[in-house]
Undergrad: 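This is the structure I have questions about; it appears just below.
In what follows, residues are counted from 1 in the order of the sequence shown. Values in this document were obtained by computation on a predicted structure and should not be read as measured data.
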Amino acid sequence: MKAPMPVVPARADALAVTPPAIAVEDLTVSYRQHPAVHHVSCRFEPGSLTAVIGPNGAGKSSLLDALTGRVQPSTGRVHTGGLKRGGLAYLPQQSGIDRSFPLGVLDVVMLGSWPRIGWFRGATTEQRQHALRALAQVGLIGFEHRLISELSVGQFQRVLFARVLMQDAPVILLDEPFNAIDTRTTADLMRLVQHWHAEGRTVIAVLHDMAQVREHFPLSLLLARECVAHGATEEVLLPHHLKRAQQMAEQWDEHADWCAAPAGGSVNPGLTS
């Protein structure tokens, strides 16, 4: 059964909370003393739509992990501008999710309300209706009672997008949101991303498809563990930037000595407001 087209409102509604600017200051994220992100500094303006791109192993997902607070920096800081609990929605890669657990579609979408519900309060009728509307918006009317193990890759990605809709967060991070899904699902979900941008949300997405980036994302951050270029997409995706990123990725020495924090830098400071 093919999912119907998502119901995306024609007009963007105003956000209840204006997203803050997110500033990354001299950030290094390391695993076993080897940096995945190396002294990166950049800034994501409120309401911006940014693609994070780069060669394999460039540190793109690690950057998102630092923005969410899932990993602690080895050096540097992430300034979230006083973003409150529930103010950031994160869509992980499907490959990192165990779909064998017997969870229903509606249950997964309802997890988007967890920051507001907490562990010890049940969902309200209004929240359940909100979850059903989110499923309708991603084209999954009638799927609420299915198990996630019964879904195709594209259908499950729609469920994850519905969970993000449920969170209603001013800042949205997407890690390879269109990987291994069909063209129709990609187009439907891209319309949701465009709608979030029109609403004034800050959206940061890890992507690999350069044509997709050029067509839909006005801003790009090109990583090769270090920041190669950041700004308007047409200026970032210049041949010499892409060549430099590839060269940096190929020349990176996994066995090099760990570098010390620069003067004035901090170690393991975590997130700051």
Undergrad: Testing Q247, H240, H241 one by one against K243 for a side-chain contact (heavy atoms from CB on, under 4.5 Å), which residue passes?
TA: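 Only one of Q247, H240, H241 forms a side-chain contact (heavy atoms from CB on, under 4.5 Å) with K243, namely Q247.
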
Undergrad: Is V40 close to C42 at the side-chain level, that is, under 4.5 Å between some pair of heavy atoms?
TA: yes

Undergrad: Check whether any side-chain N or O of T233 sits under 3.5 Å from a backbone N or O of F217 as a donor-acceptor pair, and report yes or no.
TA: yes

Undergrad: Please walk me through it: do R43 and E45 pass salt bridge (charged side-chain N to carboxylate O under 4.0 Å, His left out)?
TA: CA-CA 6 Å; R43 179 182 172 91; E45 297 297 339; 2.6 Å; yes

Undergrad: How many angstroms lie between atom CG of D188 and atom CD of Q137, to the nearest 0.5 angstrom?
TA: 11.5 Å

Undergrad: Do you know the tightest heavy-atom contact between A245 and A224?
TA: O-CB, 3.5 Å

Undergrad: Below 4.5 Å, heavy atoms only, C-beta onward: do L173 and L91 meet side chain to side chain?
TA: no

Undergrad: Atom CD in Q167, atom CD1 in I172: separation rounded to 0.5 Å?
TA: 8.5 Å

Undergrad: Could you check if a side-chain atom of V193 sits within less than 4.5 angstrom of a side-chain atom of L174, using non-hydrogen atoms only?
TA: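 Result yes, sub-4.5 Å side-chain heavy-atom pair found.
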
Undergrad: What verdict does the side chain to side chain donor-acceptor pair (under 3.5 Å) test give for T185 and D182, after you've listed the backbone C-alpha separation in whole Å, the side-chain angles of each residue and the deciding distance to 0.1 Å?
TA: CA-CA 5 Å; T185 299; D182 60 273; 2.8 Å; yes

Undergrad: Applying the 4.5 Å side-chain criterion to the ILVMFWY set and letting contacts propagate, would L192 and L49 be lumped into a single cluster?
TA: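 Same cluster: L192 reaches L49 through Ile, Leu, Val, Met, Phe, Trp or Tyr contacts under 4.5 Å.
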
Undergrad: With side-chain contact (heavy atoms from CB on, under 4.5 Å) as the test, would you mind laying out the steps for Q94 and N179 before giving the verdict?
TA: CA-CA 9 Å; Q94 277 206 40; N179 189 35; over 6 Å; no

Undergrad: Could you walk me through whether H39 and E226 pass the side-chain contact (heavy atoms from CB on, under 4.5 Å) check?
TA: CA-CA 6 Å; H39 296 310; E226 300 175 2; 5.9 Å; no

Undergrad: Kindly give the heavy-atom pair with the smallest separation between V153 and A180, and that separation in Å.
TA: CG1-O, 3.6 Å

Undergrad: Hey, does L221 have a side-chain heavy atom less than 4.5 Å from the side chain of L63?
TA: yes

Undergrad: Between E150, Q155, R158, which is the residue that forms a side-chain contact (heavy atoms from CB on, under 4.5 Å) with F143?
TA: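 So, applying the side-chain contact (heavy atoms from CB on, under 4.5 Å) to F143 and each of E150, Q155, R158, only Q155 qualifies.
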
Undergrad: Set out, in order, the CA-CA distance, both residues' side-chain angles and the distance that settles side-chain contact (heavy atoms from CB on, under 4.5 Å) for V159 and V138, then state yes or no.
TA: CA-CA 8 Å; V159 171; V138 299; over 6 Å; no

Undergrad: How long is the span from the CD1 atom in I53 to the CG atom in L223, to the nearest 0.5 Å?
TA: 8.5 Å

Undergrad: With a 4.5 Å heavy-atom cut-off, do L189 and Q157 have their side chains touching?
TA: yes

Undergrad: Roughly how far apart are Q127 CD and L132 CG, rounded to 0.5 Å?
TA: 12.5 Å

Undergrad: May I ask you to decide if P35's main-chain N or O and R225's side chain share a donor-acceptor pair within less than 3.5 Å?
TA: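 Looks like yes, one N/O pair under 3.5 Å.
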
Undergrad: Would E126 and R128 pass as an ion pair if we require N to O under 4.0 Å?
TA: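 A salt bridge is absent here (no side-chain N lies under 4.0 Å from a carboxylate O).
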
Undergrad: Hey, mind stepping through Y31 and V71 against side-chain contact (heavy atoms from CB on, under 4.5 Å) and telling me if it holds?
TA: CA-CA 10 Å; Y31 302 96; V71 300; 3.9 Å; yes

Undergrad: Verify, without hydrogens or angle tests, whether R99 (side chain) and L151 (backbone) share a donor-acceptor contact under 3.5 angstrom.
TA: yes

Undergrad: Could you walk me through whether D168 and R201 pass salt bridge (charged side-chain N to carboxylate O under 4.0 Å, His left out), step by step?
TA: CA-CA 10 Å; D168 194 26; R201 302 177 198 272; 2.8 Å; yes

Undergrad: Nearest 0.5 Å, please: how far is CG in L207 from CD in Q212?
TA: 5.5 Å

Undergrad: Side chains of H195 and E199: donor-acceptor distance under 3.5 Å anywhere?
TA: yes

Undergrad: Would you please test T28 and H38 for side chain to side chain donor-acceptor pair (under 3.5 Å) and show each step?
TA: CA-CA 5 Å; T28 295; H38 193 241; 5.3 Å; no

Undergrad: Tell me whether K60 is salt-bridged to D175, with the criterion being a basic N under 4.0 Å from an acidic carboxylate O.
TA: no

Undergrad: Is there any ring-ring contact (aromatic ring centres under 6.0 Å, His included) pair reaching into residues 158-187, and which pairs are they, with sequence neighbours excluded?
TA: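 Counting only pairs at least two positions apart or across chains, the ring-ring contact (aromatic ring centres under 6.0 Å, His included) contacts touching residues 158-187 are F161-W196.
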
Undergrad: Do F44 and H230 have ring centres separated by under 6.0 Å?
TA: yes

Undergrad: How about S41 and D26: does a side-chain donor come under 3.5 Å of a side-chain acceptor?
TA: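 Absent: no donor and acceptor within the cut-off.
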
Undergrad: I'd like to know if D209 pairs up with R214 as an ion pair, taking the criterion as any Lys NZ or Arg NE/NH1/NH2 lying under 4.0 Å from an Asp or Glu carboxylate oxygen.
TA: no

Undergrad: Please report the shortest heavy-atom distance between P19 and V171, naming the atom on each side.
TA: CB-CG2, 4.1 Å

Undergrad: Go through E176 and H208 one step at a time and tell me if the side chain to side chain donor-acceptor pair (under 3.5 Å) criterion holds.
TA: CA-CA 8 Å; E176 299 190 15; H208 290 282; 3.0 Å; yes

Undergrad: I'd like to know if the side chain of Q194 and the backbone of H216 have a donor-acceptor N/O pair within less than 3.5 Å.
TA: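 A pair under 3.5 Å: yes.
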
Undergrad: Please find the pair of heavy atoms, one from A134 and one from A162, that lie closest to each other, and give the distance.
TA: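 Looking at all heavy atoms of both residues, the closest pair is CB-O, 3.7 Å.
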
Undergrad: How long is the span from the CD1 atom in I148 to the CD1 atom in I97, to the nearest 0.5 Å?
TA: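 Atom-to-atom, I148:CD1 and I97:CD1 are 7.5 Å apart.
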
Undergrad: If we ignore hydrogens and angles and just use 3.5 Å, is the side chain of T68 paired with the main-chain N or O of R70 as donor and acceptor?
TA: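 Answer holds: yes.
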
Undergrad: As a test of understanding, state which of L83, T18, T202 forms a side-chain contact (heavy atoms from CB on, under 4.5 Å) with P170.
TA: L83

